[in-house]
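Below: one structure, written as structure tokens.
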Amino acid sequence: MKHTVIKDVLASRDFGQTFTVAGWVRTRRDSKGGFSFVELNDGSCFDNLQIVAPQELPNYEAEILKLYPGCSLTATGKLVESPAAGQAVELHADSITLFGACDPLKYPLSKGRISFERLREVAHLRPRTNTFGCVSRIRNCLAMATHKFFQSRGFYYFNAPIFTASDCEGAGEMFQVTTMDLNNMPKDPETGKVDFKQDFFGKPVNLTVSGQLEAETYACALGSVYTFGPTFRAEKSNTSRHLSEFWMIEPEIAFADLNDDADIAEDYLRALFNAVITECQDDLKFCDARIEKGLLERLTRLATAKFARITYDEAIEILSKNADAFEFKPYWGADLQSEHERYLAEKVFNGPVIVMNYPKEIKAFYMRANDDGKTVAAMDVLLPEVGEIIGGSQREERLDLLEGRIRELGMDPANYWWYLDLRRFGSVPHAGFGLGFERMVRFCTGMGNIRDVIPYPRAPREIEF
Ligand code: 4AD
Ligand code: MG
């Protein structure tokens, strides 16, 4: 159906020209002069188009006066310079055709302000609200900016598999996948354990927690690659920054060390902030006014910020001096908690911080051992408000050390034969990182809960849609 999106109509100054638009009614107001003003939104941008419907329209009584929020329609009319404040242009309708009525007594979005918790229960309708429209468009902008950034740097887009037989993070937080009947699992008569040879793939399989291991294989052939796909974690973390299904961007770079990795992470984050600032002004203004005061100013500052870089040792030293401020007392060897990360980014550095060289015990098996024997070449990028946004490392490219570490952790090197092959055949120094996409969307919208920046959040006991 030929029509013009409202974003383009609002930008047009072709007064007198006829446009056809289509969308959903936000409000209707009837004037004494025999007009109705219908605010129409089609999702193409934040603003509504004001449609002026005269009582001469044949369906004025029967349909226009029954337009309520949520009704869908198409309207054709002339673009006119608006005499009233609030909008530059309006559409004087010659015809309005109703697609679908919407009963105001039953429509969940009829009322004014609705809590985000309630909106989560109507996740199929919430994109029609101002807030979720903004979040969706900002999310789209960040996704496109991701591709633009990596493509402009010569990275190839790589698609990692979703089903895997290996645990990338070695944390055992995986969703198992099977087609076997859970009420009647075939058992191996010798061991008495489930016989996965009879399962669909012939061995235990799970949903991927990260595409990194596979991305490494392609980086070690194409040079620089990046993934952008869904990942799954069965952590029972019911927090405002954890999801069971989240999207991750994982660049992997051959012939790179930890500092190169951190440089790319910094450039990438600044590119994302710049993209939302330049492309999503209207949406950001709304978020700034209604969701988080100071959001625009914060993003603008970060778009040019230099990131602080400290070692884990230094982080622990700083945190220990302020131990009273924390619920979890910091000590060398312990992972940084969210409260520590935020303290560093918000109170100490007042901006992004990259923490490098963590103790090997708290990091994954694939990270490159440092010469001190205690730490690995890992990095986390911390932001104010959200804490860890990026986790990355230089990878262990030395076969003997990697194999040794896998054994030390009680894992079976045989399961990683193909990953170890990269170290057998033309091994090279390489590094990469993973950015949690929803944490980034949360940061750029000011939304308080990560469940409200992904269309259909998956979290423990949350999967209605
Ligand atoms: O630190 P993580 O676990 O690192 C990896 O998965 C590496 N394989 C990445 C790499 O080096 N290629 O996860 C990376 C990021 C975190 O910094 C965080 O932003 C996000 O993914 N993340 C989550 N986001 C939402 N919900 C969860 N449950 C998340 N777990 C991690
Ligand atoms: Mg991490």
Side-chain angles (χ1 to χ4, degrees), residues 142 146 150 155 158 160 164 166-175 207-219 224-253 256 258 260-262 264-265 268-269 272 312 335-338 340-341 345 352-356 358-359 362-368 376-383 385-396 419 430-444 447 449-454 457-460 462:
L142 289 168
T146 291
F150 288 112
F155 284 63
F158 161 78
T164 104
S166 50
D167 178 4
C168 172
E169 293 307 301
E173 289 167 337
M174 295 174 303
F175 288 99
L207 298 180
T208 190
V209 296
S210 156
Q212 177 199 319
L213 303 190
E214 293 86 356
E216 280 186 52
T217 65
Y218 270 63
S224 300
V225 299
Y226 66 105
T227 73
F228 188 171
T231 53
F232 307 86
R233 303 228 174 150
E235 354 173 35
K236 286 241 163 66
S237 306
N238 246 317
T239 77
S240 58
R241 56 179 216 155
H242 287 90
L243 287 166
S244 312
E245 176 179 313
F246 65 98
W247 286 64
M248 194 160 31
I249 292 118
E250 296 186 273
E252 192 67 35
I253 314 121
L258 191 63
D260 301 323
D261 204 28
I264 292 171
Y268 171 43
L269 289 176
L272 293 184
Y312 170 88
D335 207 353
L336 299 185
Q337 302 293 321
S338 172
H340 305 141
E341 296 172 347
V353 190
I354 307 184
V355 181
M356 294 169 142
Y358 283 75
I362 56 172
K363 289 291 180 186
F365 70 95
Y366 50 73
M367 299 193 183
R368 191 177 196 277
V376 287
M379 66 156 190
D380 275 6
V381 182
L382 317 179
L383 289 183
E385 314 301 327
V386 292
E388 179 191 339
I389 184 90
I390 281 179
S393 66
Q394 184 172 342
R395 319 308 188 187
E396 183 56 82
Y419 186 67
H430 60 290
F433 63 81
L435 172 127
F437 191 54
E438 284 73 23
R439 288 195 187 173
M440 191 62 192
V441 181
R442 209 191 119 189
F443 188 75
C444 291
M447 294 295 284
N449 195 317
I450 197 163
R451 289 165 208 205
D452 297 329
V453 298
I454 187 164
R458 271 75 177 100
E462 182 156 355

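As the structure lists them, so they are numbered: ligands from 1, and atoms in each ligand from 1. Just so you know, residue 1 is the first one in the sequence shown, and it goes up from there.
For R241, the heavy-atom gap to ligand 1 drops under 4.0 angstrom. Y366 counts as a contact of ligand 1, since one of its heavy atoms falls under 4.0 Å from the ligand. In this structure, E438 does not count as a contact residue of ligand 1, since none of its heavy atoms falls inside 4.0 Å of the ligand.
Residue-level proximity to ligand 1 for I390 is carried by the backbone, the only part with a heavy atom below 4.0 angstrom. Using a 4.0 Å cut-off between heavy atoms, I389 contacts ligand 1 through its backbone alone, with no side-chain atom that close. Residue contacts with ligand 1, taken as heavy atom pairs separated by less than 4.0 Å, involve H242 via backbone and side-chain atoms alike.
With hydrogens left out, the protein atom closest to atom 15 (C) of ligand 1 is G434 O, 3.6 Å, a heavy atom. With respect to atom 20 (C) of ligand 1, the closest heavy atom belonging to the protein is G436 CA, 3.5 Å. Closest protein heavy atom to atom 28 (N) of ligand 1: E235 OE2, 2.8 Å. Among protein heavy atoms, the minimum distance from atom 18 (C) of ligand 1 is reached at R439 NH1, 3.5 Å. For atom 26 (N) of ligand 1, the closest non-hydrogen atom on the protein side is L243 N, 2.9 Å.
Between K363 and S393 there is no side-chain heavy-atom pair separated by less than 4.5 Å.
The heavy atom nearest to atom 13 (O) of ligand 1, out of those in R233, E216, E250, E173, is found in R233. Nearest residue to atom 5 (C) of ligand 1 from R395, E169, R458 is E169 (criterion: closest heavy atom). Counting heavy atoms only, F246 comes closest to atom 27 (C) of ligand 1 of the residues Y226, W247, F433, F246. Across E388, E245, E252, heavy-atom proximity to atom 1 (O) of ligand 1 is greatest for E388.
The shortest N or O to N or O distance between V209 and ligand 1 is not below 3.5 Å. Taking any N or O of I450, backbone or side chain, none lies under 3.5 Å from an N or O belonging to ligand 1.
For ligand 1, the atoms closer than 4.0 angstrom to any heavy atom of G392 are 11 (O).
Formation of a donor-acceptor pair under 3.5 Å by the E438 side chain with backbone atoms of W247 is found in this model. Remark: the backbone N or O of G229 is not paired with any side-chain donor or acceptor of T227 at under 3.5 angstrom. Using modelled atom types, no side-chain atom of H242 and backbone atom of T239 make a donor-acceptor pair closer than 3.5 Å.
Here the Mg ion (ligand 2) has protein N, O or S atoms under 2.8 Å from it, and they come to 1.
To the nearest 0.5 angstrom, F433 atom CZ is 6.5 Å from I253 atom CD1.
At a threshold of 4.0 Å, the pair E341-R241 counts as salt-bridged, since one of the basic side-chain nitrogens sits closer than that to a carboxylate oxygen. Salt bridge status for R395 with D261: absent, with no side-chain N to carboxylate O gap under 4.0 Å.
Only one option out of Y226, F228, F158 pairs with F150 in a ring pair (Phe, Tyr, Trp, His ring centres under 6.0 Å); it is Y226.
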